[in-house]
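Positions are given from 1 along the sequence.
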Amino acid sequence: MRSCWILIVLAASLPGCTMVPVTEWNTLQAQNRALAEQNRAQLAQLDNLRDHCRTVEDRMLADEKQLAALQERAGRDRPAFESCRREQDDSDPPSRR
């Protein structure tokens, strides 16, 4: 117990370990609370942005898959489309061409 008191007295006598005025202490506590609240709000915003990013990425991947499927289908349908077009051009009278 005696060594504990010695440590307290020693710590109080070291530079930088002096008492802080109450007004400064209160100001710093208020600033700390404000910064802690700001930190919590930014963390929540970051979580929301991460969720939104995942949602957008998932939507983009689904859209890319759908686009690839449409392009593949268009590639398969192209010969039939060209054939139909040639037939239509051949059957049209020259005045409509």
*asked:* Run the side-chain hydrogen bond (donor to acceptor under 3.5 Å, both in side chains) test against D51 and tell me which residues pass, sequence neighbours left out.
replied: R54

*Report the residues that fulfil side-chain hydrogen bond (donor to acceptor under 3.5 Å, both in side chains) with R50, sequence neighbours left out, ordered by chain and then residue number.*
none

*asked:* According to salt bridge (Lys or Arg N to Asp or Glu O under 4.0 Å), who are the partners of R86, at least two apart in sequence or on a separate chain?
replied: none

*asked:* Test of understanding: with side-chain hydrogen bond (donor to acceptor under 3.5 Å, both in side chains), list the residues that count as partners of Q71, not counting sequence neighbours.
replied: none

Under 3.5 Å, side-chain donor or acceptor atoms of residues 58-70 against the rest of the protein: list the pairs with distances, not counting sequence neighbours.
none

*With a 4.0 Å cut-off, would you call R33 and E37 a salt bridge?*
no

*Should the heavy atoms of other residues, nucleotides or ligands under 6.0 Å from CZ of R76 be counted, would the total exceed 12?*
yes

*Measure the spacing between CG of N39 and CG of L43 and express it to the nearest 0.5 Å.*
4.5 Å

*Which value, rounded to the nearest 0.5 Å, describes the distance between L35 atom CG and R40 atom CZ?*
10.5 Å

Please table the atom pairs, donor to acceptor, closer than 3.5 Å between any side-chain atom in residues 19-27 and protein atoms at least two apart or in another chain.
| unit_1 | atom_1 | unit_2 | atom_2 | d |
| --- | --- | --- | --- | --- |
| W25 | NE1 | Q29 | OE1 | 3.3 |
| N26 | ND2 | V22 | O | 3.4 |
| T27 | OG1 | T23 | O | 2.8 |

*Between L46 and Q42, is a side chain to side chain contact (heavy atoms under 4.5 Å, CB included) present by the stated rule, with each step listed?*
CA-CA 6 Å; L46 184 60; Q42 288 175 342; over 6 Å; no

